[in-house]
Number of protein chains: 2
Amino acid sequence: MKRFAHPDLAEVSLSGAMQALADPCRQQIVRTLLEADGRAMACNEFELSVSKATASHHFETLRQAGLLRSSTQGTKCLSSLRLDEFEARFPGLLQLLRDEARA
Amino acid sequence: MKRFAHPDLAEVSLSGAMQALADPCRQQIVRTLLEADGRAMACNEFELSVSKATASHHFETLRQAGLLRSSTQGTKCLSSLRLDEFEARFPGLLQLLRDEARA
DNA sequence: CGTGTTGTTCGAAGATGGTCGAACTATTTG
DNA sequence: CAAATAGTTCGACCATCTTCGAACAACACG
């Protein structure tokens, strides 16, 4: 069973966080998780217009940016937002995504 | 005398803003302007470790992201932050840069 | 008018990033 | 065990981004 690496939020730079959140596909992933309200979701539950390989790459990028916590459950990979930790490190950043989602 | 284009903040996407602010060199420019407290600064007043050509490109990128307002004064190009407008469009985003500047 | 200052623009080189298909691993199910 | 499911990893391709030097433009100052 695969184990994913999850950096400490203190190691995540603002540049890194912004770069991760700048991509539309990754924004979509984070927005979906924001609406999921804390629930962990499998990769194939997200409606993404990219291949499996590309999606997997984006999930990894978001993990490295401290946004996602992932673990495998059977053949699935469940991911949830590290909401409180990320909010403590970069206050207000995720709220901007929430706002843009309504627009 | 050259005139620069300055987009309406409503036309600036969150992706665009984050992409602009993700670059270390551009972060340096914005941070310097934040410390300048509203004062307009010439390009050569910023201590950047890149060539003139590259710096000029970064200033243009920041203008397109709605962060800078620039105008020429003699041979100089004076730039200032569009602080209130940008803050109204993306609340809290510039504060993150300010915080990271102290760290 | 010539010289120096300040940026801009152009073209090219090199790095980075998003994308995919194919092959692979691990797990569940028949 | 065989087949289906869910992701990951690899290698390659292409677009975009960063960077620079060189050439250029506009202005200030003798």
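Lettering of chains follows the sequences in order, A, B, ..., and the numbering in each one begins at 1. The analysis underlying the following values was restricted to heavy atoms, covering all of them including side chains, and did not include hydrogens, waters or symmetry mates. These numbers come from a predicted model, not from an experiment.
If you take CG of B:Leu48 and C1' of D:dT19, they are 13 Å apart, rounded to a whole angstrom. The interatomic distance linking B:Gln28 (CD) with D:dT19 (P) rounds to 13 Å, in whole Å. Across the protein-nucleic acid pair, A:Arg3 atom CZ and C:dT25 atom C1' stand 17 Å apart, rounded to whole Å. Atom CD in A:Gln64 sits roughly 17 Å away from atom P in C:dT16 (whole-Å rounding). Note: CD (B:Gln19) to C1' (C:dT16) measures 12 Å, nearest angstrom. Note: CG (A:Asp23) to P (D:dA15) measures 17 Å, nearest angstrom. Separating the CG atom of A:Leu62 from the P atom of C:dG17 is a distance of 14 Å, rounded to the nearest angstrom.
Remark: A:Glu85 engages A:Arg69 in a salt bridge, criterion side-chain N to carboxylate O under 4.0 Å.
Contact annotation: A:Lys2 reaches the phosphate of D:dT9 (side-chain N/O to OP1 or OP2, under 4.0 Å). Not one side-chain nitrogen or oxygen of A:Gln73 sits closer than 4.0 Å to the OP1 or OP2 atom of C:dT28.
Between A:Phe4 and A:His6, the angle of the ring planes goes over 60°, which puts this pair in the perpendicular group of the 30/60° scheme.
Side-chain contact between B:Gln19 and A:Met18 is absent, with no heavy atoms from C-beta onward closer than 4.5 Å. Looking only at side-chain heavy atoms (C-beta outward), A:Arg39 and A:Glu45 come within less than 4.5 Å of each other.
In this structure, B:Ser79 and B:Ser70 approach most closely via the heavy-atom pair OG-OG, 2.7 Å. Of all heavy-atom pairs spanning B:Arg89 and B:Leu9, the tightest one is NE-O, 3.1 Å.
Contacts between residues 49-61 of chain B and DNA chain D, counted as heavy-atom distances below 4.0 Å, involve B:Val50, B:Ser51, B:Ala53, B:Thr54, B:His57, B:His58. For DNA chain C, the neighbouring residues in residues 36-46 of chain B, judged by any heavy atom under 4.0 Å, are B:Ala42, B:Cys43, B:Asn44.
Here the side chain of A:Thr54 pairs no donor or acceptor atom with the backbone of A:Val50 at under 3.5 angstrom.
Residue A:Leu78 is not grouped with residue A:Leu62 when hydrophobic side chains (ILVMFWY) are merged at heavy-atom distances under 4.5 angstrom, including chains of intermediate members.
Shown are B:Leu21, B:Leu67, B:Leu14; of these, the side chain to side chain contact (heavy atoms under 4.5 Å, CB included) with B:Phe90 is made only by B:Leu14.
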